[in-house]
2 protein chains.
Amino acid sequence: MGKVPEECRVEDALSILVGKWKPIILLYLLQEGTKRFSELKRSMPGITQKMLTKQLRELEEEDIVERVVYPQVPPKVEYSVTEYGRSLEPILEAMHEWGTNHTQHKQRKADQQSS
Amino acid sequence: MGKVPEECRVEDALSILVGKWKPIILLYLLQEGTKRFSELKRSMPGITQKMLTKQLRELEEEDIVERVVYPQVPPKVEYSVTEYGRSLEPILEAMHEWGTNHTQHKQRKADQQSS
DNA sequence: CTGGATCCTTAAGGATACTG
DNA sequence: CAGTATCCTTAAGGATCCAG
């Protein structure tokens with residue numbers, strides 16, 4: 001009869017992961033460590049500079065990734081996951097695992113339909 | 001140097017949780033068990049019938065919630081989390097916990113700025 | 001090399017009215 | 001009671017061009 005829990009903080013975590021490229025960026029940086037902007041871009045076929053910049057800025061805003069600018073010409077900027085940001089890793093892994101299983105689950109379901 | 005992992009399934013999990021009301025609906029149903037449409041609606045101030053229907057349909061589509069229609073007048077429809085859907089619970093809880101902590105993290109950060 | 005500025009398209013979300 | 005149908009607004013994402 002009661003209302004939904006007011007203290008639901010799931011969306012706080014969700015909002016940080018949501019963004020077409022954020023999980024990919026995070027997993028990549030977690031795996032590879034520190035990367036330059038151009039390396040990130042090259043590693044993600046399909047992403048535009050604008051989007052990469054935007055997603056990185058948002059992650060930086062939340063203290064998940066760190067941005068280090070080397071004042072030189074041409075510019076050099078490196079990105080890495082912060083110590084704090086690493087606390088997201090278990091969640092990302094859990095979601096990856098769940099997602100993998102879910103793909104199979106849907107496949108099985110689809111197979112049943114056609115039999 | 002390599003590309004980003006092609007086998008990233010994080011978004012599969014993400015896409016199921018994304019939706020303004022989905023986490024709330026899921027947590028509520030996980031907590032309360034089976035609920036009628038009207039009970040869900042009443043428990044979520046701010047949601048419209050259209051949105052509630054839509055979010056529930058999408059969750060049903062992914063086999064996360066079950067919809068049972070009682071053929072009577074007036075209509076009665078009950079929703080509950082499927083056995084399979086419960087596999088999302090650990091992830092939701094982890095996100096809730098992380099989100100709670102993140103709120104504090106941001107608060108601390110904001111306090112530092114103003115000092 | 002990094003990334004800002006502009007313009008455009010699409011999809012999510014919401015307000016409201018209607019129905020078996 | 002439990003929806004559908006319609007119309008509208010906004011934000012995310014993307015293409016493209018410019019700049020220190």
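Order of the sequence lines fixes the chain letters, A, B, ..., with proteins taken first and strands second; residue numbering starts at 1 for each chain. Basis for what follows: all heavy atoms, side chains included, without hydrogens, waters or symmetry-related copies.
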When the ring planes of Tyr79(B) and Phe37(B) are compared, do they come out parallel, tilted or perpendicular, using 30° and 60° as the limits? tilted
Taking the nucleotide of DNA chain C with the closest heavy atom to each, which residue, Lys20(B) or Arg57(A), is nearer the 5' end? Arg57(A)
Is any side-chain nitrogen or oxygen of [X] closer than 4.0 Å to OP1 or OP2 of [N]?
| X | N | result |
| --- | --- | --- |
| Arg67(A) | dT2(C) | no |
| Thr53(A) | dT2(C) | no |
| Gln55(B) | dG13(C) | yes |
| Arg36(A) | dT2(C) | yes |
| Ser38(B) | dA2(D) | yes |
| Tyr79(B) | dC1(D) | no |

Candidate pair Glu11(A) and Lys20(B), rule salt bridge (Lys or Arg N to Asp or Glu O under 4.0 Å), full reasoning: CA-CA 8 Å; Glu11(A) 332 225 13; Lys20(B) 191 166 178 184; over 6 Å; no
Grab the [atom1]-[atom2] distance between [X] and [N] for me, whole Å please.
| X | N | atom1 | atom2 | result |
| --- | --- | --- | --- | --- |
| Leu52(B) | dC1(D) | CG | P | 14 Å |
| Lys41(B) | dA15(C) | NZ | P | 10 Å |
| Lys76(A) | dC1(C) | NZ | P | 13 Å |
| Gln72(A) | dC1(C) | CD | C1' | 10 Å |
| Leu56(A) | dG13(D) | CG | P | 13 Å |
| Arg42(A) | dC1(C) | CZ | C1' | 11 Å |
| Leu40(B) | dC1(D) | CG | C1' | 13 Å |
| Ile24(A) | dG13(D) | CD1 | P | 12 Å |

Gap between atom CE of Met44(A) and atom CD of Gln55(A) - 0.5 Å precision: 9.5 Å
If you take all heavy atoms of Ile91(B) and Ala94(A), which pair is closest and at what distance? CD1-O, 3.6 Å
For a side-chain contact (heavy atoms from CB on, under 4.5 Å) check, start with the C-alpha distance between Ile64(A) and Glu58(A), then their side-chain angles and the critical distance, and finish with the verdict. CA-CA 9 Å; Ile64(A) 308 298; Glu58(A) 289 173 10; over 6 Å; no
Return whichever of Pro74(A) or Lys54(A) has its heavy-atom-nearest nucleotide of DNA chain D closer to the 5' end. Lys54(A)
